[in-house]
Amino acid sequence: MFLTFLQELRAAKIPVSMKEHLLLLEALQGNVIDYSITDFYYLARATYVKDEGLLDRFDMVFSKVFKGIEPTLETGETEIPEDWLRAIAEMNLSEEERAELEKMGWDKLMETLQKRLEEQKKRHEGGNKWIGTAGKSPFGAYGDNPEGVRIGQKDGRKGSAVKVWDKREFKNLDSTVELGTRNIKVALRRLRRFAREGAADELDLDSTIKGTAKQGWLDIVMRPERHNAVKLLLMLDIGGSMDPHIKLCEELFSAAKSEFKHLEFFYFHNCPYDAVWKDNNRRWTERSSMMDVLHKYPHDYKLVFVGDASMSPYEITYAGGSTEHWNEEPGEVWLRRMTDIYHSSVWLNPIPEKHWENGQSIRMIKEIMNNRMYPLSLEGLDRGMRELSRKK
């Protein structure tokens, strides 16, 4: 059954190796957990899963492989899968009984269950053979056998039934589902480079211990607080066709503000030109010259555009193509100027990637960005952050 588990994890594209599988078996052999399927779930998850984005997929595989067996509501009867019968036989029958089952077929297991029902004349609690409760027998209720047949139990009193994982409480971490602020933060954390700068206001415990032992008296050593040293310049498309994506952009903006100490942001419409702004209510009265922005923020900033790149191609290729004002230079000139300065730059597009070929302007922007356009999904963010993390 454990080999089946390993195979199912690999089939679900969860990267697991035989080394991790052997580690799990070694932990089980060393009795690091009790006979509880809940404990086994957390042990297996800690062993196999190295990426939060795969937790939902792991839950689905776990539920599939270790699915609890319960009576149906209509008949009250339980249909027992053959693989469970095999597991029960291997764990609880003698060599002679197993040989007999292999010779006569697996229907014999149900006869064994019936025989135990006839032999047992009283309630039984605990143990590993008789049908009862709170034990490790494969037949019964309220017990801890992870491969048992549930009989007469109406609820998972101990919470150990595998149906718990059908809830898939980490569903929002799957890379194919809609983004939220929490999992955007998870994706953005790939773009981290920690440094200690500024005032020394944090106790350096290791250095304090080392210095005290060396000097013979209390030698308190302080250090600056560690923070993300990556500098991010965020350019956000606003208005028009971006209105349906406001919530998603708000979540991205909120996550970025909490993850990056050095974050600067500006708004533009459709395509960046000679001016950008920070307050949409004062976009015509308080604008920042793009040239001033390019001179103020050095080339070590990471540049991220967020927009659907959906506009008239004239807005990209012609002077005066903007729908809002007369632009002396085409949008393409400004885009190339910006990407020449900020070598680490990407464009995040909220439109699904499968629709990009349908938009001429999207194809044009993608080409100007040297194909560094990624969908605004968890998987797309991960790809984009990998690109920004590459050494130029």
Side-chain angles (χ1 to χ4, degrees), residues 9 14-36 38-56 58-59 169-170 172-173 180-234 251-265 297-302 304 343-344 378 381-382 384-392:
L9 289 171
I14 298 177
V16 293
S17 66
M18 186 57 68
K19 180 179 179 181
E20 293 163 335
H21 184 63
L22 293 175
L23 179 63
L24 176 66
L25 296 181
E26 183 181 350
L28 293 174
Q29 187 176 14
N31 296 320
V32 299
I33 59 172
D34 295 327
Y35 289 96
S36 163
T38 302
D39 290 347
F40 173 70
Y41 163 79
Y42 286 111
L43 174 64
R45 195 179 76 175
T47 304
Y48 287 131
V49 181
K50 302 298 187 294
D51 182 352
E52 281 186 295
L54 299 174
L55 286 175
D56 177 53
F58 175 84
D59 286 352
E169 67 183 279
F170 291 99
N172 65 329
L173 290 177
T181 303
R182 180 173 179 267
N183 40 26
I184 291 176
K185 289 181 181 180
V186 172
L188 292 178
R189 283 170 190 166
R190 184 175 293 280
L191 189 62
R192 290 191 294 188
R193 186 178 70 250
F194 288 111
R196 296 187 182 277
E197 301 172 348
D201 54 5
E202 178 182 274
L203 176 65
D204 187 341
L205 183 59
D206 291 341
S207 297
T208 298
I209 294 173
K210 186 181 297 184
T212 300
K214 182 178 180 180
Q215 302 294 340
W217 61 78
L218 182 60
D219 183 15
I220 297 178
V221 180
M222 304 297 289
R223 65 185 178 185
E225 182 182 359
R226 192 178 78 152
H227 60 83
N228 189 358
V230 170
K231 302 174 183 178
L232 188 66
L233 184 57
L234 191 61
E251 291 173 342
L252 174 65
F253 183 54
S254 174
K257 285 186 68 176
S258 66
E259 288 297 320
F260 298 97
K261 180 177 182 179
H262 303 288
L263 170 67
E264 298 295 337
F265 70 93
Y297 302 107
H299 68 279
D300 60 342
Y301 270 79
K302 312 285 188 182
V304 177
H343 296 159
S344 294
L378 193 56
L381 269 175
D382 185 71
M385 296 308 105
R386 286 178 185 272
E387 169 62 31
L388 291 176
S389 300
R390 287 197 309 114
K391 292 184 178 180
K392 304 298 182 180

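Side-chain atoms are counted along with the backbone in the values below, which use heavy atoms only and exclude waters and symmetry mates.
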Inset, instruction - Go through the steps for Y301 and L232 under the test side chain to side chain contact (heavy atoms under 4.5 Å, CB included), then give the verdict. - result: CA-CA 5 Å; Y301 270 79; L232 188 66; 5.6 Å; no
Inset, instruction - For Y297 and E264, test the side chains for any donor-to-acceptor distance below 3.5 angstrom and give the result as yes or no. - result: yes
Nearest 0.5 angstrom please: [X] [atom1] to [Y] [atom2], how far?
| X | Y | atom1 | atom2 | result |
| --- | --- | --- | --- | --- |
| T212 | W217 | OG1 | CH2 | 10.0 Å |
| L263 | L233 | CG | CG | 8.5 Å |
| R390 | S344 | CZ | OG | 8.0 Å |
| K231 | F260 | NZ | CZ | 13.5 Å |

Min side-chain heavy-atom separation [X]-[Y] under 4.5 Å:
| X | Y | value |
| --- | --- | --- |
| L9 | F58 | yes |
| M222 | L203 | yes |
| D382 | M385 | no |

For residues 19-30, run the donor-acceptor check on the side chains, cut-off 3.5 Å, and write out each pair with its distance to 0.1 Å, sequence neighbours left out.
from: E20; atom 1: OE1; to: S17; atom 2: N; distance (Å): 2.9
from: E20; atom 1: OE2; to: K50; atom 2: NZ; distance (Å): 3.2
from: H21; atom 1: ND1; to: Y48; atom 2: OH; distance (Å): 2.7

Legend entry - side chain to side chain contact (heavy atoms under 4.5 Å, CB included) between Y41 and D59, intermediate numbers included: CA-CA 9 Å; Y41 163 79; D59 286 352; 2.6 Å; yes
Inset, instruction - Without swapping roles, check the side chain of T208 against the backbone of V221 for a donor-acceptor pair under 3.5 Å. - result: yes
Inset, instruction - Mark yes or no for whether S207, through its side chain, and D204, through its backbone, hold a donor-acceptor pair below 3.5 Å. - result: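 No: the side chain of S207 does not pair with the backbone of D204.
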Inset, instruction - Using a strict cut-off of less than 4.0 Å between a Lys/Arg side-chain nitrogen and an Asp/Glu carboxylate oxygen, indicate whether K214 and D219 qualify as a salt bridge. - result: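 Salt bridge: no.
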